[in-house]
Amino acid sequence: MSTYTGDVEVGGPADTRELPGLTISKLAVSEMANNAYLLTCTATGDSVLVDAAAEPEALRAWIGDARLTAVVTTHGHWDHHRALPEVVASSGAATMAHPADAPDLPVPVSHPVEHGETVAVGDQVLDVVHLRGHTPGSIALVWRGGEAGTHVFTGDSLFPGGVGNTQHDPERFTQLVDDVEQRLFGALPDDTWVYPGHGKDTTIGTERPHLAEWRERGW
């Protein structure tokens, strides 16, 4: 029985779940309590890091001897890529992000990814979902793991209790809620596990009933 909860604290240990096909490890770093996720293919040993947010030494110690093939940045906000230069320099990993946010990253994006494209983690596949609003190029990554269930890494676009910050801009808020409704809630089952860019995990089914409330409150 898995003991994974996703409840991690800055300075504390990572929380790891071993699933058929993919190991998912979550670590909290920085004064912003950013979540970083290390995804490792159980068949090949290849790993992908989602958001090299901060504390490069802590990230490198956590990654250890893993064969890091890519770092995917979910969006261009500074707190999600401060350790990217150091992690890429030490690992030689490819850098991936949506082209709309690529100019905000501190290193060139070697492999731009758009909506509907995929990211390989060994022989596992992550689907790229463009969620516009928090930033122009925010993305989520969906892993459909068969018997292991569906898992989505949402960056700062979806959290327990609401969507990401859109700075009280009604157009950006509407765009983000629309994208989350159509591209996440409309495409993923209720038992999909949600891994956000900060804080605790949730599920699509937990958040789905509250969409109308979010729209009404405007954030």
Side-chain angles (χ1 to χ4, degrees), residues 4-8 14-19 21-29 32-41 46-54 59 62-63 66 68-77 79-81 83-84 87 93-98 101 105 111 113-122 124-135 137-145 148-160 162-164 176 179-180 183-185 187-189 191-204 206-207:
Y4 178 85
T5 64
D7 298 341
V8 293
D15 197 5
T16 301
R17 68 193 313 180
E18 303 277 351
L19 297 168
L22 195 72
T23 297
I24 300 171
S25 186
K26 176 180 181 180
L27 184 72
V29 293
M32 302 285 287
N34 291 83
N35 295 326
Y37 298 95
L38 185 65
L39 315 181
T40 302
C41 173
D46 290 345
S47 295
V48 167
L49 179 65
V50 180
D51 285 345
L59 293 183
W62 172 50
I63 294 166
L68 193 67
T69 60
V71 181
V72 183
T73 304
T74 58
H75 63 289
H77 283 165
D79 59 310
H80 289 261
H81 53 62
L84 187 58
V87 170
T95 53
M96 298 183 172
H98 192 279
D101 278 15
L105 272 58
H111 293 71
V113 288
E114 306 243 19
H115 181 71
E117 296 183 345
T118 60
V119 173
V121 187
Q124 300 297 312
V125 176
L126 307 175
D127 295 321
V128 177
V129 180
H130 189 194
L131 301 171
R132 300 154 292 187
H134 181 65
T135 66
S138 289
I139 58 172
L141 300 168
V142 178
W143 178 57
R144 292 174 171 86
T150 304
H151 303 257
V152 57
F153 304 86
T154 56
D156 283 1
S157 291
L158 177 64
F159 295 99
V163 297
L176 181 53
D179 276 2
V180 166
R183 298 179 173 185
L184 295 185
F185 292 169
L188 304 176
D191 62 358
T192 301
W193 198 278
V194 176
Y195 305 82
H198 304 263
K200 296 179 181 293
D201 298 354
T202 185
T203 66
I204 290 292
T206 300
E207 305 308 322

- Message: So which atom in Ala14 and which in Leu27 form the shortest heavy-atom distance, rounded to 0.1 Å?
- Response: N-CD1, 3.8 Å
- Message: Show the nearest heavy-atom pair for residues Pro196 and Val194, with the distance to one decimal.
- Response: CD-O, 3.5 Å
- Query: Taking C-beta and beyond as the side chain, do Leu131 and Leu158 meet within less than 4.5 Å on heavy atoms?
  - Reply: no
- Query: Roughly how far apart are Leu22 CG and Leu126 CG, rounded to 0.5 Å?
  - Reply: 7.0 Å
- Item | Approximate separation, where rounding is to 0.5 Å, of His81 NE2 and His75 NE2 | 8.0 Å
- Item | Any residue meeting salt bridge (charged side-chain N to carboxylate O under 4.0 Å, His left out) with Asp7, in chain and number order, not counting sequence neighbours | Lys200
- Roughly how far apart are Leu188 CG and Thr203 OG1, rounded to 0.5 Å? 11.5 Å
- Measure from the ring center of His151 to the ring center of Trp193 and say whether it is less than 6.0 Å. no
- If we only count heavy atoms from C-beta on, is the Val72 to Val128 side-chain gap below 4.5 Å? no
- Query: Can you tell me how far CD1 of Ile139 sits from CD of Glu114, rounded to the nearest 0.5 angstrom?
  - Reply: 10.0 Å
- Are any of the side-chain heavy atoms of Leu105 and Thr95 separated by less than 4.5 Å? no
- Task: Return the minimal non-hydrogen interatomic distance between Thr192 and Pro189, and the atom names on each side.
- Result: OG1-O, 2.7 Å
- Query: Any side-chain heavy atom of Lys26 within less than 4.5 Å of one from Arg17?
  - Reply: no
- Item | Nearest atoms (heavy-atom pairs only) where Trp143 meets Ala148 | CH2-CB, 3.7 Å
- Task: Report the C-alpha separation of His115 and His98 in whole Å, then their side-chain angles, then the decisive distance to 0.1 Å, and conclude whether the side-chain contact (heavy atoms from CB on, under 4.5 Å) test is met.
- Result: CA-CA 8 Å; His115 181 71; His98 192 279; 5.7 Å; no
- Partners meeting salt bridge (charged side-chain N to carboxylate O under 4.0 Å, His left out) with Asp46 (sequence neighbours left out): Arg67
- Message: According to salt bridge (charged side-chain N to carboxylate O under 4.0 Å, His left out), who are the partners of Asp179, at least two apart in sequence or on a separate chain?
- Response: Arg132
- Under 4.5 Å between any side-chain heavy atoms of Asn35 and Val8, yes or no? yes
- Note on the structure: CD (Glu18) and OG1 (Thr23) are apart, to the nearest 0.5 Å, by 3.5 Å
- Taking the side chain as every heavy atom from C-beta outward, state whether Ser25 and Asp15 have any atom pair closer than 4.5 Å. no
- Does a side chain donor of either Thr135 or Ser138 reach within less than 3.5 Å of an acceptor in the other side chain? yes
- In chain order, what residues pass the side-chain contact (heavy atoms from CB on, under 4.5 Å) check against Thr74, with sequence neighbours excluded? Val50, Asp51, His80
- Item | Counterpart residues, ring pair (Phe, Tyr, Trp, His ring centres under 6.0 Å), relative to Tyr37 (two or more places apart) | Phe153, Tyr195
- Query: With Asp79, which residues qualify under salt bridge (charged side-chain N to carboxylate O under 4.0 Å, His left out), at least two apart?
  - Reply: none
- Note on the structure: In short, Gly137 meets Asp101 closest at the heavy-atom pair N-OD1, 2.8 Å
- How far does CZ of Phe185 sit from CD1 of Ile204, to the nearest 0.5 angstrom? 5.0 Å
- Task: Please tell me if the side chains of Val113 and Val119 come closer than 4.5 Å, counting only heavy atoms from C-beta onward.
- Result: yes
- Query: What pair of heavy atoms forms the shortest contact from Asp156 to His134, and how long is it?
  - Reply: CB-NE2, 3.3 Å
- Message: Applying side-chain hydrogen bond (donor to acceptor under 3.5 Å, both in side chains) to Ser157 and Thr154, what does each step give before you reach the verdict?
- Response: CA-CA 6 Å; Ser157 291; Thr154 56; over 6 Å; no
- With a 4.5 Å limit on heavy-atom distance, are the side chains of Met96 and Val48 in contact? no
